[in-house]
Amino acid sequence: TDNGLTYINIFQKSGDQGDQWNEELIDISSYSGTVAFRITAIVSDNGSGTHYWGDIAIDNFEVKEAPACATPLALNASNINTTSTDLSWTAGGTETAWNIEYDTTGFTQSSGTVVSGVANPYNLTGLTANTAYDFYVQADCGAGNLSVWEGPYTFTTKCIAFTSPYIDLFDTGLSSCWTQSLNDVFDWTLNANGTTSSSTGPSDDMTGGGNYLFIETSAPRITGDSAVLISPDIDLSALTTPQLRFYSHMYGTSIGDLNV
């Protein structure tokens, strides 16, 4: 109304949102007439001193009629175990009931298992260990009014605990029961033969001709970066005096710490 001199902030999001496109829905029903939107992106280094890991993008900018039954947002799976998980999402409106559909990853919708009238969150049981699943959510706004389906969201159930004695030589690859932490900076790498850096790292695995796991500390790595690898669960009950044994290789003039 003042030729673009004043703008009201209606949306803000900060920080890493993951490597995917996220749908943003904003209620502008309190406005009428002609509007314009000022979209501002601000560069940040998040304290690292480096800016080139901070690209922001938008696409498919649309102003349209809001659906009568809004789509749920921010699907998530937490407390993931071998046969169960808690599914959750953010309501798109004031609805209090939802339908979910789930099955193994890649299934075609309408061919999965549908559970109707569930609450948020919903404890999903009867799953198979070490299996990737997709799930979708649909809002039920009553009187037969349903939203479009939102999803898929993919999660993987935990592995059943391995019995001991247990050994993994990594020669057939890195098992999906090993997990790379999401709360570190970079990942461990499966490798054979030598590393890409000179004067550091092994030239072969411990037994010869197989694989090993290592961290590559060349750029863009900086001092203090961490890589965290989590083993599968291992049942110690068959052992009288349990012991952990592994071989480490720490060669070079800038070796940091290895913690277990």
Side-chain angles (χ1 to χ4, degrees), residues 10-11 13 15-29 55-161 173-183 187 230 232-233:
I10 58 173
F11 173 83
K13 180 177 280 189
D16 185 4
Q17 304 297 317
D19 185 15
Q20 74 274 323
W21 288 98
N22 299 299
E23 183 183 30
E24 315 294 356
L25 299 173
I26 305 167
D27 181 6
I28 56 172
S29 59
D55 294 355
I56 297 173
I58 64 171
D59 198 5
N60 293 15
F61 190 84
E62 182 180 11
V63 177
K64 64 183 184 67
E65 190 69 37
C69 190
T71 306
L73 301 171
L75 276 58
N76 189 43
S78 60
N79 300 321
I80 300 173
N81 295 305
T82 54
T83 60
S84 67
T85 185
D86 291 332
L87 306 181
S88 62
W89 51 88
T90 299
T94 59
E95 77 277 11
T96 58
W98 297 265
N99 306 320
I100 65 168
E101 183 176 8
Y102 71 95
D103 209 328
T104 53
T105 293
F107 82 95
T108 301
Q109 265 207 282
S110 76
S111 68
T113 300
V114 176
V115 186
S116 301
V118 304
N120 179 21
Y122 176 73
N123 180 242
L124 179 62
T125 61
L127 304 176
T128 301
N130 192 27
T131 302
Y133 287 90
D134 290 342
F135 85 94
Y136 297 78
V137 179
Q138 178 188 57
D140 184 346
C141 298
N145 196 2
L146 303 173
S147 76
V148 299
W149 288 93
E150 176 68 9
Y153 182 92
T154 302
F155 64 93
T156 301
T157 51
K158 291 184 63 176
C159 295
I160 296 174
L174 183 61
S175 164
S176 60
C177 294
W178 287 79
T179 56
Q180 306 271 10
S181 174
L182 300 178
N183 299 315
D187 287 342
I230 302 171
D233 291 340

From [X] [atom1] over to [Y] [atom2], what is the distance, rounded to the nearest 0.5 angstrom?
X    : Y    : atom1 : atom2 : value
C159 : W178 : SG    : CH2   : 11.5 Å
W98  : Q138 : CH2   : CD    : 12.5 Å
F155 : N76  : CZ    : CG    : 10.5 Å
I10  : E24  : CD1   : CD    : 11.5 Å
L127 : T156 : CG    : OG1   : 11.0 Å

Review point. Is there a donor-acceptor contact under 3.5 Å linking the side chains of D103 and S111?
Key: no
Should [X] and [Y] count as side-chain neighbours, where that means a heavy-atom distance under 4.5 Å?
X    : Y    : value
L146 : C69  : no
P152 : F135 : no
V137 : L87  : no
S147 : P67  : no

Study note, to complete from the structure: Of N130, N81, D233, T85, the one forming a side-chain hydrogen bond (donor to acceptor under 3.5 Å, both in side chains) with K158 is D233
Exercise for review: In sequence, state the C-alpha distance, the side-chain angles, and the governing distance for D140 and E95, and then conclude on side-chain contact (heavy atoms from CB on, under 4.5 Å).
Suggested key: CA-CA 7 Å; D140 184 346; E95 77 277 11; over 6 Å; no
Would the distance check show the side chain of [X] and the main-chain N or O of [Y] forming a donor-acceptor pair, the cut-off being under 3.5 Å?
X    : Y    : value
Q17  : G15  : yes
N99  : A139 : no
D134 : G106 : yes
T157 : T128 : yes

Heavy-atom pair with the smallest gap, counting every atom of [X] and [Y]:
X    : Y    : value
V115 : Y122 : CG1-OH, 3.6 Å
A70  : G92  : CB-O, 3.4 Å
I26  : F11  : CD1-CB, 3.5 Å

Exercise for review: State which residues pass ring pair (Phe, Tyr, Trp, His ring centres under 6.0 Å) with Y102; sequence neighbours excluded, sorted by chain then number.
Suggested key: none
**Study point:** side-chain contact (heavy atoms from CB on, under 4.5 Å) partners for I160, two or more places apart
**Key:** T82, A129
Review point. Take atom CD1 in I230; do more than 12 heavy atoms of anything else shown fall under 6.0 Å from it?
Key: yes
Exercise for review: Check the surroundings of atom CG in D59: do more than 12 heavy atoms from other residues, nucleotides or ligands lie under 6.0 Å from it?
Suggested key: yes
**Study point:** E101/W149 under side-chain contact (heavy atoms from CB on, under 4.5 Å): CA gap, chis, key distance, verdict
**Key:** CA-CA 9 Å; E101 183 176 8; W149 288 93; 4.1 Å; yes
Exercise for review: List in chain and number order the residues that pass side chain to side chain donor-acceptor pair (under 3.5 Å) with N22, two or more places apart in sequence or in another chain; answer none if no residue qualifies.
Suggested key: Q20
Check your understanding: Checking side-chain contact (heavy atoms from CB on, under 4.5 Å) for the pair W89/I100: CA distance, chi angles, key distance, verdict?
Key -> CA-CA 11 Å; W89 51 88; I100 65 168; 4.0 Å; yes
